[in-house]
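Written out below as C-alpha cells is the structure these notes cover.
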Amino acid sequence: MSPTARRSGLLVRWAPAGAAAAVLVLALCGGWLTDVDPAQTLTRPWSPPSGEHPLGADALGRDVLARTLHGGRELALVAGAAALIATSCGAVIGLWAGWSRSRVGSAVAAGADLLLALPLLLVALVIAVAVPVPWPVIVATVLGGAPLTLRVVADATRNARHTGYVEAALSRGEPTLTVLLREVVPAHRGLLSADLGIRAVLALQLATALAVLGHGPAPPSSDWAVMLRENLTGMPLNPAAVLAPAFALTVLALVIAFAARQAQR
Amino acid sequence: MLLRPLLRAALLLLISSLLVFLAAAALPGDAVEVRSGGRASAEQLAALRAEAGLDRPVLVRWADWLTGLLTGDLGRSLVTGREVADLVTGRLWVSSALVLGSLLVVVPLTAVLAWAGARGPAALRSIVSAGSTAVAALPQVVVAVVLVAIFSVALDLVPPVSLLPAQAPWTRPDLLFLPVLTLALPTAAYTAALLRGALEDATGLPHVKDARVRGLPRRTILARYLVPAVAPTAVRSFAVVTGSLIAGTTLVESVFGMAGLGELLVTSVGSRDAPVVQAVAMLVALAVVLGLWLADVVAVLTDPRGSHA
C-alpha cells in the first residue's frame with residue numbers, strides 16, 4: 001500500500017472518532033466561548049436574530065447563542081456517565097455469563113431478553129417521579145442498554161473461549177480473571193467502544209425525551225432539550241430559538257452514532 | 001402447536017399486570033396526599049386512605065384490581081373521581097389513530113429500506129445504511145422540530161399543533177400527518193436495519209443459493225424462500241416496535257398538543273393517579289403481548305419443518 005493511500009485510509013478510519021471528540025469538547029466547554037449570561041433576560045421574548053443577539057432571544061428574552069453554547073455540558077456528561085455505567089454492567093455480567101457455561105448464565109441472559117420488551121420511555125417516566133434528575137436517565141439506560149451489551153459480550157466470550165490465544169493462556173496456567181482482562185477484553189475493544197457509543201445515543205434520546213416531558217434539569221438551566229421544550233411555541237417568531245438546540249443535539253447524536261458505527265467494523 | 005404461544009402470552013400478561021401494579025403502587029407519595037395538597041393532617045390522610053382502600057396489603061389490592069379488570073371495572077381516578085374506563089375510552093381513538101397510522105407508514109417503509117439496503121446497487125446500499133443510522137440516532141423531539149420547521153413554518157401546509165376530534169381522529173388526516181411521521185421515521189430506520197441483516201442472512205442460506213443456481217425467477221425465490229425466512233424476525237421486530245411506538249405517543253402527544261392516552265399517562269404519573277396509570281400501562285402491555293403472541297404464531301406457521309401440522 002502506498003503511503004498516501006495508507007494515510008487516507010487512516011484518515012477515513014479515525015475521522016468519525018476525531019469528529020466525535022471535537023464535538024464533545026465543544027459541548028463540554030462551549031460555555032467558555034461567550035461572556036453573555038445565559039440566564040439573564042436581555043431583550044423582548046422571541047426577538048429575531050440581530051447584531052447584538054446573533055440567534056435572537058428565547059421565551060424569556062435570554063440570548064439563544066449563549067444558552068446553546070452553555071446547554072451541552074450537563075447533557076453530554078449525563079449521557080457519557082449513563083453509557084459508561086450501562087456498558088460496564090453489561091460487559092461484566094456478559095463476560096461472566098459467556099464464560100461460565102452454567103445454567104445461571106443462560107437464565108440471566110433469558111431474563112435480560114425479557115427486559116428488552118419493556119417500553120423504555122415509559123419505564124424512565126415512572127422512575128423520573130421516584131428519583132431526582134439525572135438518575136432516571138442513568139437507571140433507564142442501564143435497564144434498557146445493559147441487556148443488549150450483555151447478550152453481545154456473552155456471545156463473543158463464548159466464542160473466544162475456544163480460540164487459540166485463550167486456550168494458550170489457559171494452558172500456561174493463567175488465572176481466569178487475567179485471561180478475561182488481558183486476552184478476551186482487548187480482543188473485543190472495537191465491539192465494546194461501539195457499544196459505548198450506542199448506549200450514549202440512547203441516553204441522549206432518553207434525556208431529551210424526559211426533559212421535553214418536564215422531567216429535565218430545573219430552570220434556569222440552558223440544557224438543549226429544555227430549550228426545545230421552552231421555545232417550541234415561539235417557533236414562528238424566532239425559529240432559531242428551537243433550531244439552534246435541535247441542530248446541536250443532532251450533531252452530537254450523529255457524531256457519536258457514526259463513531260460507534262466505524263468502531264463496529 | 002399454537003396452544004403454547006397462547007399460554008405464554010397469558011403468563012406474560014399476568015406478570016406484566018403484577019409489575020404494572022407494583023410500579024404504580026411504588027410511586028412516592030400517593031394520590032390522597034397529592035389531592036389534599038399537603039393541608040390534611042395525618043389522621044385525615046389515614047381516613048382517606050382507608051376509604052380508598054389504600055391501606056390494605058399490596059397483593060390483596062392487586063388481586064382485587066385484577067378481578068376488576070376482568071369484569072371491566074377499572075375503578076375511579078383518585079384525582080378527579082371520574083370512571084377510569086371513561087377517561088381511557090375517551091382518549092383511545094386519538095392514540096390508536098396515531099399508533100396504527102405510524103404502523104401503516106413503518107411496515108412498507110421498512111420493507112423498501114431493508115430491500116434497498118440488502119439487495120440494491122452498492123451506492124444505494126451505503127446511502128440507505130448511513131441514512132438509517134442517522135435517523136435512528138436522532139432524539140424524537142428533534143425529528144418533530146425538523147418536520148414542524150419544514151411543513152408548518154416554511155411551507156405552511158399543516159398547523160404545528162394537532163387538536164384532533166376525540167371521537168373520529170381519522171377524519172383529519174392532515175392533522176395526523178406530522179405526529180405520525182415523527183413516530184414512524186426513526187422507528188422505520190431502526191427496523192430496516194434489523195430486517196436488512198435478516199434478509200442478508202436469508203439470501204446466504206443453502207436452499208436459497210440452490211434455488212438461484214437452479215435458475216428460479218427472482219420473484220419466486222422472494223415469495224417462496226425469502227419472505228418465509230424473514231417473516232418471524234419481521235413480525236417480532238414490529239411487535240417490539242409497537243411497544244416503543246406506544247411509548248413514543250407520550251412525547252409526540254405532548255409536543256403536538258394531542259389529548260391521547262400518552263398525554264393522559266404523563267399527567268397521571270405526575271399526579272400519582274395510580275388507577276389511571278395502571279389502566280393505561282396495562283393497555284400498553286396488552287398491545288405488546290398481543291404483538292409478541294402474533295410473532296410466535298407466525299414463527300410456528302412459517303417453520304419450514306412444518307411442526308404445526
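Worth knowing before you read on, the calculation uses all heavy atoms, side chains too, and leaves out hydrogens, waters and symmetry mates. This structure is a prediction, so every number in the text was calculated from the model and none was measured. Chain identifiers are assigned alphabetically (A, B, ...) following the order of the sequence lines, protein sequences preceding nucleic acid strands; residue numbering begins at 1 within each chain.
Here B:Glu200 does not pair with B:Arg125 in a salt bridge; the nearest charged N to carboxylate O distance is not below 4.0 Å.
Contacts between B:Ala144 and chain A at a heavy-atom distance below 4.5 Å are absent for every atom of the residue. Within the 4.5 angstrom heavy-atom criterion, atoms from both the backbone and the side chain of B:Thr250 approach chain A. Contacts of A:Leu125 with chain B are made by both backbone and side-chain atoms, with heavy-atom separations under 4.5 Å. Contact of B:Val146 with chain A is not made at all, since no heavy-atom distance falls under 4.5 Å.
Taking CG of A:Leu206 as the start and CG of A:Leu120 as the end, the distance is 5.0 Å to the nearest 0.5 Å.
A 6.0 Å sphere centred on CZ of B:Phe238 holds more than 12 heavy atoms belonging to other residues, nucleotides or ligands.
Listed in order of number, the residues of residues 194-202 of chain A that approach chain B to under 4.5 Å between heavy atoms are A:Val201.
Using a 4.5 Å heavy-atom threshold, the side chains of A:Glu74 and A:Pro217 count as touching.
Using bins of under 30°, 30° to 60° and over 60° for the plane-to-plane angle, the ring pair B:Trp65/B:Phe21 lands in the tilted bin.
Inspection of the B:Glu253 and B:Ser95 side chains reveals an N or O donor paired with an N or O acceptor under 3.5 Å. At a cut-off of 3.5 Å, with distance as the only test, a side-chain donor of B:Trp62 or B:Ser17 sits close to an acceptor on the other residue. At a cut-off of 3.5 Å, with distance as the only test, a side-chain donor of B:Ser129 or A:Arg261 sits close to an acceptor on the other residue.
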